[in-house]
Each structure stands twice: as C-alpha cells, then as structure tokens.
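Here the structure is laid out as structure tokens; the discussion comes afterwards.
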Amino acid sequence: MKWEVRVAYKRGVQDPEGETTLEALRMLGFKGVKRVSTAKLFVIEGECTREEVERMCRRLLANPVSQDYEIRRLAP
Amino acid sequence: MKWEVRVAYKRGVQDPEGETTLEALRMLGFKGVKRVSTAKLFVIEGECTREEVERMCRRLLANPVSQDYEIRRLAP
Amino acid sequence: MKPGEVRILVLRSAGTNCDAETASAIAELGARAEVVHVNRFIRGRRSLEEFHGMVLPGGFSYGDRIRSGAVLAKLLSHRLRRELQRFVDEGRPILGICNGFQVLVESGLLPFGEVGQVKLALAKNASARFEARWVYLLKCSATPFTGKLPRVSRMPVANAEGRVVFPPGEEQSLLEELEESSQIVLRYCTREGEPARGDYPANPCGSFADIAGLASPEGTILGMMPHPERAFYRYMYPDWTRDSALGMGDGCAIFEGMLEHILKSQG
Amino acid sequence: MLALSLEEMRAIQRYYRSLNREPTDVELETFAQTWSEHCVHKTFKGIIIYDGEEIDGLLKSTIARVTRELSPEWCFSVFEDNAGIVDFEGDYAIAFKVETHNHPSAIEPFGGAATGVGGVIRDILGVWGEPIANTDVLCFGELDYPYEKLPRDMKHPRFIFTYVVAGIGSYGNNMGIPTVNGAIFFDEGYVGNPLVYCGTVGIVKKSRYRREAKPGDVLLLVGGRTGRDGIHGVTFASAELEEGAEETFGTAVQIGDPIEEEKIKRAILKVREAELGSAITDLGGGGLSSAVGEQAHRFGCGARVHLERVPLKYAGMKPWEIWISESQERMLLIVPPSKLERVLEIFEEEEVEATAIGELIPERRLEVYYGDERVADLSMEFLFHGLPRVRRAASWSPPELSEPHFEAGNLGEDLHRLLAMPNIASKESVIRTYDHEVKAMTVLKPLQGEACDGPGDAAVLKPLRESWRGIAISNGLNPLYGKIDPYWMAASAIDEAVRNNLAVGGRRIALLDNFCWGNPEKPENLGGLVRAAKACYDIALAYETPFISGKDSLYNESPLGAVTPTLLISALGIVPDVRRAVSMDFKRRGSCIYILGETRPELGGSHYYKLKGYLGRSVPKVEPSRAKRTFAALTRAIDSGLVLACHDLSEGGLGVALAEMCFSGNVGARVELSLVPAPQEMRADFILFSESNSRFLVEVHPEKAQEFEALMQGTSFARIGETLGRELVVTHNGRELLREHIAELKRSWQSGVVL
Ligand SMILES: Nc1ncnc2c1ncn2[C@@H]1O[C@H](COP(=O)(O)OP(=O)(O)O)[C@@H](O)[C@H]1O
Ligand SMILES: [Mg+2]
C-alpha cells in the first residue's frame with residue numbers, strides 16, 4: 001500500500017517558510033501572489049493500514065500542538 | 001487563484017529525510033513500512049497563471065536538475 | 001557525597017554534536033561527565049540508574065529530520081519510557097540544551113514531566129533561518145539550575161527551530177498556568193533587561209511570550225534554547241576583548257546549580 | 001566520455017599492445033580517473049613554455065619550492081597528504097585544507113556546496129584529523145544581474161547565492177563544525193562560473209598519525225552506500241530532460257548526508273585513539289579507483305579488490321560504475337588483519353557500515369575482481385608513471401588599460417556608497433546562518449565589537465582545553481587586481497591573508513593556495529596562471545610563509561566565457577596566548593589612531609575606481625622588505641599589550657577601515673589625511689581610498705603612545721588622529737572633507753548584502 005501524509009502548521013501558527021517564500025516571489029517580480037503556505041509530504045509504502053498511518057502521524061510525523069495532518073491513499 | 005506545487009528530489013537523488021523517517025518508523029515498531037520518501041508543498045494564492053507558477057518553480061521553488069515539480073490547480 | 005562522585009550522563013545519538021564541550025563544562029566543575037550513546041541504553045548495556053543527572057546536549061539528533069529532536073524523543077519515550085519516567089519521578093535533574101530542549105518537548109517531559117504527553121512545540125524560527133547570535137536572558141524564576149544565574153545573563157543561541165509554540169487558542173491559559181507554577185524560567189530580553197516583546201533579534205526565534213527556557217513543575221527538568229556551555233568562560237563571549245576581566249561566564253551557573261542540587265539532594 | 005587526450009590514448013594503446021590484449025572497461029575508466037586533471041594536476045606538474053622559458057613543473061618550481069627552500073622544522077606534512085599539517089603544541093598538530101566545488105554548485109547549489117563541505121572535511125579525516133572549523137569563500141555574479149541576460153538553463157546569481165549559503169550552513173551546522181571564516185565576492189565573471197571554496201581545519205595527534213600499511217592489510221570501505229553518484233556528471237547536465245533517464249542521470253547530483261559523516265568521524269577517531277588502522281584516505285574524485293590505487297602506490301605495493309563486496313544503494317550497477325562512483329560520505333581505511341574485528345565493532349557501534357573489499361598485495365599490480373571475473377589487472381608502474389607529461393604554451397601580455405581622470409566628489413557620500421558595495425558590505429545575514437561557535441573553541445568570532453556585528457580580520461580558535469595557545473585563520477582574495485596583472489593579484493592575496501592573520505595576533509604563518517582558472521590549454525589563460533604562481537614564490541619566500549597545501553581547479557568555463565581568474569590564499573597562524581588576541585573595534589574614546597605602512601597612488605582595481613566606473617591600471621604592489629618590518633613591529637606591539645584594536649586596510653582602503661573600526665566600537669574618530677605616510681604627493685580622495693598593501697590601523701592608549709612609537713621605529717607609520725564622539729571626521733590640511741555619523745555609516749554598510 002502507498003499512503004501520502006501531508007503535515008502542515010495549524011491555522012494560527014505562523015508559517016515562516018511560507019512568508020519568506022512569498023517575499024522572495026514578490027522580490028522576483030511575481031506581484032500577483034498574495035499568500036504562500038507550505039507543508040511537508042511523506043509518501044509511505046509498505047504493509048500498513050490507515051490506522052497504522054494515523055498512529056505514525058500521532059507518534060512521529062506531526063506535532064499535535066502545532067501541526068495538522070491529512071492522510072490520503074495513493075495506491076491499494 | 002490557488003495553486004499547489006509539489007517539489008521532490010528526483011529518483012536516484014538521496015533523500016536523507018525519507019531514509020531517517022523509514023528507520024525511525026521501524027524503530028517505533030511499524031515493521032510493515034518498506035519505503036518513505038518526502039516532498040515539499042507550496043500552496044500559492046493570488047493572481048497568477050500556470051505559466052507564472054511554472055516560472056516560480058524554475059526560478060525559486062525547485063531546481064530542475066535535482067528536483068521534480070508538479071503543479072496542480074486547487075481553486076479557480 | 002563529594003563533587004567528584006557526582007555522575008552526569010551526557011546522552012548522545014546520531015547527530016548530537018555539542019556533547020564534548022558540554023561534558024567538558026561539567027568536568028571543569030569537578031563532577032564526572034560521561035557521554036553515552038542512546039543505543040547503549042536501548043540495548044540494555046547501560047542503565048540510567050547509574051547516573052545522578054542527565055544532560056541532553058545540543059546538535060541535530062538524527063539530522064533533525066521530520067522535526068528537531070522528534071526522532072530521539074520518540075525513541076526515548078517508546079523504548080526507554082519506564083526507565084526515563086523513574087529517573088524523572090525520583091527527582092534527578094535533567095537539562096536539555098537547544099536540541100535537548102526540543103527532545104524534552106517532543107517527549108512530553110516538558111512542561112509537565114509526563115513521558116508521551118506532548119503539550120508544546122518548538123517550531124521553525126519566525127525568520128525561517130538558522131539563527132546564530134548572542135542573546136540576553138531574563139531570569140523569571142529560580143530553579144535548581146538557575147539559582148546562581150544573574151537576573152540578566154548572556155548566552156548564544158544557534159538553531160533553526162527554537163520558536164516556542166503553545167496550542168492555538170489555549171495560549172493564555174497555559175501561559176498563566178505555567179507562570180503560576182514558576183515554570184517559565186528564562187525569557188529573551190534587551191540588554192537593559194526589558195522583555196523582548198517578540199522583537200527580532202532580541203527574541204531571535206519568535207518564541208511565544210519570549211520564552212527561552214522552561215522547567216517542569218518541580219523545577220528539576222530544564223529545557224533552554226541558549227547554550228550555557230558556550231558561555232562557560234568569558235573568553236567565549238563575542239566581545240570579551242572590550243574588557244579585561246577574564247573569568248567565568250554566565251553559562252557556568254547553570255551547571256553549577258545542577259551539581260549543587262544533586263549534592264544537596266543526595267545528602 | 002573518457003577525458004583522455006590523444007597522446008594519453010596512444011600511451012595506453014602501446015601498453016596494451018605490449019600485453020597483447022584489449023583493455024577492459026574498468027581499466028579504461030581507471031586511466032581516465034587516475035590520469036585526470038583533478039587527480040594528477042597535469043598542468044601544474046607538466047612542462048610549460050612561458051615566453052621562451054621552460055618551466056619544468058609549475059608547482060614544484062614555484063609553490064612547493066617556497067616550502068623546500070624555507071624548510072621550516074614546524075611543517076609536519078606538506079603536499080603529500082590530503083591536507084597540509086603543521087606543528088601546534090606538544091603532540092598536537094593542525095591540518096588545513098581548502099577545496100573547490102564549483103561545477104556541482106553551479107548546477108545544484110545546495111547539494112554542490114554541501115558536498116563541497118563534506119568533501120573537505122573528509123580530507124581532514126583522511127589525515128587522522130579531528131575537524132574543528134570550516135571556512136568558506138564564495139564568488140558569485142552580482143545579485144542584481146538582469147534575468148534577460150542569463151543564458152537558458154543558467155541559474156541566477158541570487159538563486160545560487162541563496163542555496164550555496166544554505167548548503168554550506170546545513171552541512172557544517174549538522175556536523176557540528178563551526179564555520180568561522182570566509183569571504184563573499186561578487187563580479188560579473190562569476191555569473192556562469194560561481195566559485196565555492198570550502199576549507200576545514202583539524203587537529204592531528206602526531207603520535208596517532210599512521211601511514212604504514214603493508215601487503216596483507218585489509219582495505220575497509222566505510223560509510224554510506226555506493227550508487228551512481230557523480231558518474232560522468234558532465235554528460236548528465238546536458239541530458240537532464242531525457243525521459244526515463246532519472247535512474248541513470250538523477251544520480252549525478254548529490255545532496256549529502258552530514259549525519260552519516262558525523263558518525264563516520266566518531267568511528268574514525270575511535271580507531272585512531274585505539275591505534276587500530278595502518279592508513280586512511282578519503283574517497284573523492286575518482287572514488288575507489290583513485291583511492292585504492294593511490295594508497296597502494298604510496299606503500300609501494302599493489303592491491304586486490306572485490307567489487308561485488310561493495311554495499312550498493314540499488315542493484316544493477318556495473319563493475320566500472322562501482323569502481324569510479326563518487327558517492328559521498330565514504331572513506332577507505334587500511335587495517336591489519338589482526339585488528340579488523342575490533343575496527344568492525346567500532347563502526348557497528350556508531351551504526352556505520354564497514355566492509356572489507358580487498359587487501360594490499362606485494363605484487364605491484366592493481367587487480368580488480370567482480371565475483372570470479374577479473375575485470376582489471378594493471379601494472380602500478382604504468383598506471384602511476386606511464387602518463388605522458390603535458391607540454392603547454394603560455395604567454396601573457398599586459399591588457400591595454402589606462403588610468404582614469406575624474407574630479408573628487410562628495411567624499412562622505414562616496415564613503416557611504418563604498419560601504420554598501422556588496423564586496424565591502426556586511427555579510428552578517430549570511431554569517432548568522434552558520435553556527436560559528438559550536439565546540440566552544442571560537443575565541444575571536446567572525447563578528448566582533450560592541451554590538452557584535454563588526455567585520456573581524458581573522459578567526460581565532462583555542463583548540464585545546466588545557467592550553468591558551470590558539471590558531472588564527474584568515475584569507476586573501478583580490479580578483480579585481482588580476483584583471484590588471486595576475487602577478488600583483490597573487491602578491492596582494494598573500495599580503496592580505498598574512499596581514500589579516502597578523503592583525504589578530506597570528507604569526508608563524510602557513511599558506512594554502514587555491515587557483516580557479518579558465519581553460520589552461522589557452523596560452524593566455526596559462527600565462528596569467530604562471531604569473532600568479534611566480535608571485536606566490538617571490539612573495540611567500542620573502543615573507544617566510546611556506547605553502548603547506550593547495551589545489552587548482554582549471555577549466556572553469558561557461559557559455560558566458562571563462563571565470564575571472566581567481567586565487568584564494570588561506571592562512572593559518574599561531575597565537576601564542578589567545579588572551580592577547582586583538583579585535584578590530586575601537587575600544588574607547590581618547591585613544592591614538594596610528595596607520596602602519598605606506599599609502600601610494602595605486603588605485604587600479606580598487607573599489608573606489610569601481611564605484612566611479614573604472615578599472616585603472618595602477619594595481620597595488622607589494623614591497624616585501626618594507627612590509628616585513630611593519631609586520632614584525634606590529635607583532636611586537638601586540639605581544640607587549642599595546643594594541644587595543646587593529647584592523648587591516650583592504651577594499652575601500654583607509655576610509656572604509658576607519659568607518660568599520662568606528663561603528664564596530666561605537667566610537668567616533670577624527671583623522672588628518674596629510675599625516676598619512678605617502679612617498680609622493682597624493683589627492684585626498686586617493687589617500688582615503690587607496691588599497692595599498694601591508695597597511696594597518698591601530699588603536700593605542702595615549703599613555704602607551706610613546707612606548708608604541710618606540711617599537712615602531714624603522715617602519716613607516718604615523719599617528720593620524722584620535723577616537724572621540726560619535727562621528728567620523730576626516731580633514732586634509734585642516735580642511736574638513738567628511739563628517740558622518742557612525743550609526744549612519746553602519747546602516748549603509750549593513751544594507752549592501754541581504755540573504
Ligand atoms: N595547486 C596546488 N598548490 C599547492 N598544493 C597543491 C596543489 N595541487 C595539489 N596540491 C597538494 O598536493 C597534495 C595532493 O593533492 P590532491 O591530490 O589534490 O589532494 P586531494 O586528494 O585532497 O584532492 C595535497 O597536499 C595538495 O595540497
Ligand atoms: Mg581529497
């Protein structure tokens with residue numbers, strides 16, 4: 001099985017990398033950009049159920065205070 | 001408009017974060033995991049066309065030599 | 001007990017890199033510091049029981065991949081849970097410096113001393129950069145570690161993820177709770193000792209409430225972003241050439257406090 | 001694909017004809033690697049005809065000759081190992097090496113720079129050294145270079161700058177090695193050819209330095225796994241968009257894994273302490289093929305290697321790929337069989353893979369097997385002595401240049417603009433992303449002064465807990481002068497590296513040279529190189545500063561042309577007691593300000609001319625005998641504790657140096673230009689901004705002025721003013737030329753380069 005886990009800062013938690021990217025893009029002349037946010041993706045392959053991936057997120061991949069996670073199945 | 005850009009190291013280029021995540025998951029008892037790879041997401045909002053997002057990728061967000069990028073439109 | 005009998009564990013893992021200078025700071029004060037790899041404990045070759053106190057030094061444990069300190073923290077809370085909880089419950093002091101602070105937060109040892117209960121985060125610096133600079137610290141409460149620290153002290157930070165984040169929506173209540181129990185130990189401040197109020201670069205990481213260091217309710221666990229081992233002697237300061245007094249630096253007090261606490265509690 | 005010349009091919013052909021067989025692919029690749037410019041420095045070791053003069057080995061007859069003629073007893077190992085090694089204290093010696101990683105950084109700046117750092121750290125591990133500090137000197141195109149002018153697929157200088165800095169910081173920070181010294185230089189000539197110089201300093205224990213391998217000893221490959229990394233990277237760059245080529249080509253780019261290298265370092269130091277190894281080397285260019293061959297050659301024997309034993313990242317690699325792969329984070333240890341078991345245990349404890357892949361053999365042959373198949377069998381003699389020497393023509397004629405004529409403008413304004421020029425401006429935004437004090441040894445940091453943001457001349461480290469003895473690390477780099485005359489560029493770079501070192505209290509200085517040049521097959525390129533090398537000989541010999549190591553990177557060419565010829569000089573000095581180290585910030589009001597050395601009307605290549613849009617031709621020269629007197633007197637004054645602050649004069653000359661000392665110390669100054677020692681009448685603006693070599697500004701307590709002046713007798717020096725207030729005031733014959741608030745000068749200086 002193949003899962004995709006997306007980890008991002010929670011709403012209300014500053015995303016400095018997104019902000020810096022926004023600034024840099026505007027400096028490069030992309031004036032239309034209004035907001036940038038970032039996230040991290042983990043693509044996990046192996047024998048694991050959704051519950052296990054949930055547990056991976058809670059145990060390791062995301063910090064429950066500052067980050068949200070989303071799990072998506074990519075392949076059976 | 002809202003775009004999602006996904007940047008990942010090309011196959012064959014080292015992904016130490018993916019490797020460490022794999023090891024860590026296994027140490028925590030998730031024995032079924034076989035492979036982990038990582039990628040970065042940028043969500044870009046504003047007035048910008050696909051061509052502009054392409055250019056952002058080439059100029060700043062990704063290095064086409066070592067990284068692949070994928071652009072997806074999230075909202076009109 | 002004599003100072004020479006105090007045994008301090010400097011715990012390392014892959015990517016720890018401030019262990020030597022940290023151990024040497026402790027040794028300068030006459031105690032015995034031993035740098036041991038976490039694998040030795042996991043494989044049962046060594047035991048935390050052998051030590052009177054523990055330091056989690058700075059560095060990039062496991063490359064700070066996923067999140068700073070996360071992998072080592074989860075390894076500790078998963079594979080050494082009982083031993084570690086006993087160490088804490090017996091009141092043996094633990095000092096986490098920089099990456100060590102991150103480990104303490106990610107393992108749940110801070111702020112409430114409960115392994116596995118993550119209540120805080122140390123997120124990417126507001127500047128989105130690695131920040132290597134000297135800061136001023138305001139002592140906000142006395143713990144065993146900070147008894148001898150002056151009200152305003154100086155030490156360097158060097159990290160990319162040192163921004164203390166409280167759970168969104170619960171910031172104020174948690175802050176009050178921690179203040180009440182004197183757990184907020186160090187805050188970033190100006191040269192004059194005024195709170196940094198989030199200003200960069202006085203608060204170099206963008207930490208909530210200018211928090212630079214936190215303790216457990218009993219005060220026996222301290223996590224701090226700045227590096228006391230790099231402010232151990234005055235000659236380590238960036239501006240020591242401007243005055244002639246070359247003696248101990250502020251960082252020394254942190255280790256002294258820890259050792260004295262051990263000596264006192266061990267009788 | 002094989003970068004061999006026709007003549008080299010012929011030599012190989014003859015060899016095989018005498019053997020009466022065809023070469024194998026592994027053998028051909030072995031020649032291509034072992035005989036590459038990178039591995040054998042063909043140009044520097046070949047024969048050069050320079051304007052009728054035959055130079056038999058440029059390295060031998062210039063750079064290495066300095067060391068041979070001086071033959072200082074404190075040089076422990078020079079030009080032999082991966083790094084130069086000099087005595088420090090007791091059993092301790094210091095190793096220093098600087099390398100370049102230019103091409104990889106142009107293609108993938110983060111990975112290129114990171115693996116550049118990783119590579120030079122392995123050079124130190126490769127002499128049984130414990131790495132303790134890094135340096136980085138970077139050259140980029142101007143950050144405001146117009147995008148429209150960039151050739152397709154070339155990366156913008158800002159992109160390269162941002163990611164090179166990130167790569168350097170990432171590797172050093174993760175490994176816990178402080179980045180303590182460096183420089184950043186911007187010039188149009190670097191748009192297509194950015195330069196990334198990475199240096200590492202390490203501590204060696206002389207009694208633990210082992211180079212005594214013999215037949216029967218085991219070849220142990222340690223560290224990361226082997227993949228297709230770095231194989232024929234050049235081909236890859238042009239093939240990037242080919243479909244399905246990822247497995248083959250994606251691998252030419254490397255990102256680096258500092259944590260792996262940190263673990264390797266721990267294991268190697270344990271092996272060193274237990275004295276279990278008989279030799280060690282890093283795996284760099286050419287991978288196993290060069291490392292194994294060179295080691296066997298060094299110990300006068302041969303080697304047998306079994307490639308199927310090499311741990312791989314993925315299946316399907318061909319034997320020749322395994323043999324020449326340049327995968328990062330690998331080292332080759334040579335271990336006596338009796339010690340093998342303990343060595344393997346040590347690596348296992350640190351979670352580092354270690355595999356015996358072969359052994360040294362008494363026959364002087366290089367035998368490579370893959371399973372039962374012998375894939376290479378070469379005579380060591382031919383491999384290491386069969387390479388025909390290259391013979392190259394070199395010539396140089398001075399470019400047609402003239403001295404500009406212009407009126408002096410508003411000097412206050414000019415000073416502000418000079419301070420904001422990227423080559424002069426503060427690099428703080430970069431420096432703060434590097435951990436420069438991990439290990440708690442950095443006594444003089446890159447940023448100094450009252451607000452800890454002034455530009456230090458050299459870093460001082462205190463490597464041993466039990467000793468106050470320290471080392472000073474500095475560099476010199478003057479590419480603009482090279483556009484006028486590479487000879488004086490090299491002379492100036494040596495002078496700058498040396499005076500930076502002396503300024504903080506360093507002495508007994510050892511030098512490293514790093515040449516980055518365009519194609520040496522073009523006689524005019526090579527001519528410039530020869531001139532620079534000749535200056536290295538003349539000046540370093542006169543200064544009694546031996547070269548201990550170095551490197552050349554030739555063929556730096558891009559669609560925009562050749563790189564600006566660049567010579568980096570790195571200097572390593574001894575500070576007998578770090579408590580006497582001197583920083584550059586003015587310390588107090590009411591001090592005397594002295595200038596040491598002579599100021600001459602030589603503004604060719606200066607930043608003042610550049611500001612006005614000129615290059616000029618009056619390049620700064622070096623007068624060694626005069627300079628040496630100044631150097632010796634300064635060192636005496638520092639040792640006598642008379643020097644409160646000292647700063648060397650470089651880009652922007654007196655004006656910039658004064659401003660920097662003022663705002664770093666938060667103290668103003670008043671200075672009279674007519675007092676500045678100058679052999680001839682000069683315009684005030686030229687006195688203020690000339691970049692003449694061998695000069696310093698020194699702050700002295702008024703009560704010590706007499707004693708100081710007595711020490712300076714016999715040198716050119718003058719008391720030109722005093723520290724006071726919060727303004728910098730410059731007068732000429734009493735007439736006020738400039739009055740600027742130091743906080744505003746600082747603001748200009750801090751605005752120039754933003755990461
Ligand atoms: N241009 C040069 N100037 C001075 N020393 C050089 C130069 N090129 C090579 N050397 C010295 O020769 C020795 C071997 O160099 P090299 O083979 O390049 O080492 P490495 O294996 O680290 O790349 C080193 O001590 C190096 O410093
Ligand atoms: Mg090498």
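First the proteins, then the strands, lettered A, B, ... as listed; each starts at 1. Remember, it's a predicted structure, so these values are computed and weren't measured experimentally.
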(message) Can you tell me which of C/E170, C/H78, C/R163 forms the most heavy-atom pairs within a distance under 4.5 Å of chain A?
(response)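 Looking at each of C/E170, C/H78, C/R163 in turn, C/R163 comes out on top.
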(request) May I ask you to name which of C/V118, C/I66, C/N125 has the most heavy-atom pairs under 4.5 Å with chain A? (result)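 The candidate making the most pairs under 4.5 Å is C/I66.
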(request) Could you tell me which of A/Q14, A/K40, A/R59 has the largest number of non-hydrogen atom pairs under 4.5 Å with chain C? (result)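 Going by pairs under 4.5 Å, I would pick A/Q14.
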(message) Heavy-atom pairs under 4.5 Å with chain C - which of A/G12, A/A62, A/P64, A/G18 has more of them than the others?
(response)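 Answer, by heavy-atom pair count under 4.5 Å with chain C: A/A62.
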(request) Run the salt-bridge test on C/E179 and C/R187 with the 4.0 Å N-O cut-off and return the result as yes or no. (result)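 Yes, this pair counts.
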(message) Taking C/R86 first and then C/E49, would you say they form a salt bridge - that is, a charged N and a carboxylate O separated by under 4.0 Å?
(response)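 Yes, C/R86 and C/E49 are salt-bridged.
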(message) Using side-chain heavy atoms (C-beta onward) and a distance below 4.5 Å, is A/V5 in contact with A/M56?
(response)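 Result no, sub-4.5 Å side-chain heavy-atom pair not found.
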(message) Using side-chain heavy atoms (C-beta onward) and a distance below 4.5 Å, is C/I42 in contact with C/L80?
(response)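 Result yes, sub-4.5 Å side-chain heavy-atom pair found.
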(request) Please work out which of the three classes, parallel, tilted or perpendicular, describes the rings of C/F208 and C/F166, given edges at 30° and 60°. (result)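 The arrangement is tilted - the two ring planes meet at 30° to 60°.
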Residue part contacting chain A, namely of [X], when any heavy atom lies under 4.5 Å:
{"X": "C/K74", "result": "side chain"}
{"X": "C/R129", "result": "neither"}
{"X": "C/E106", "result": "side chain"}

(message) I want to check a possible cation-pi pair here: C/R191 against C/Y136, using under 6.0 Å from ring centre and within 45° of the ring axis as the test.
(response)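 Not satisfied by the 6.0 Å and 45° rule.
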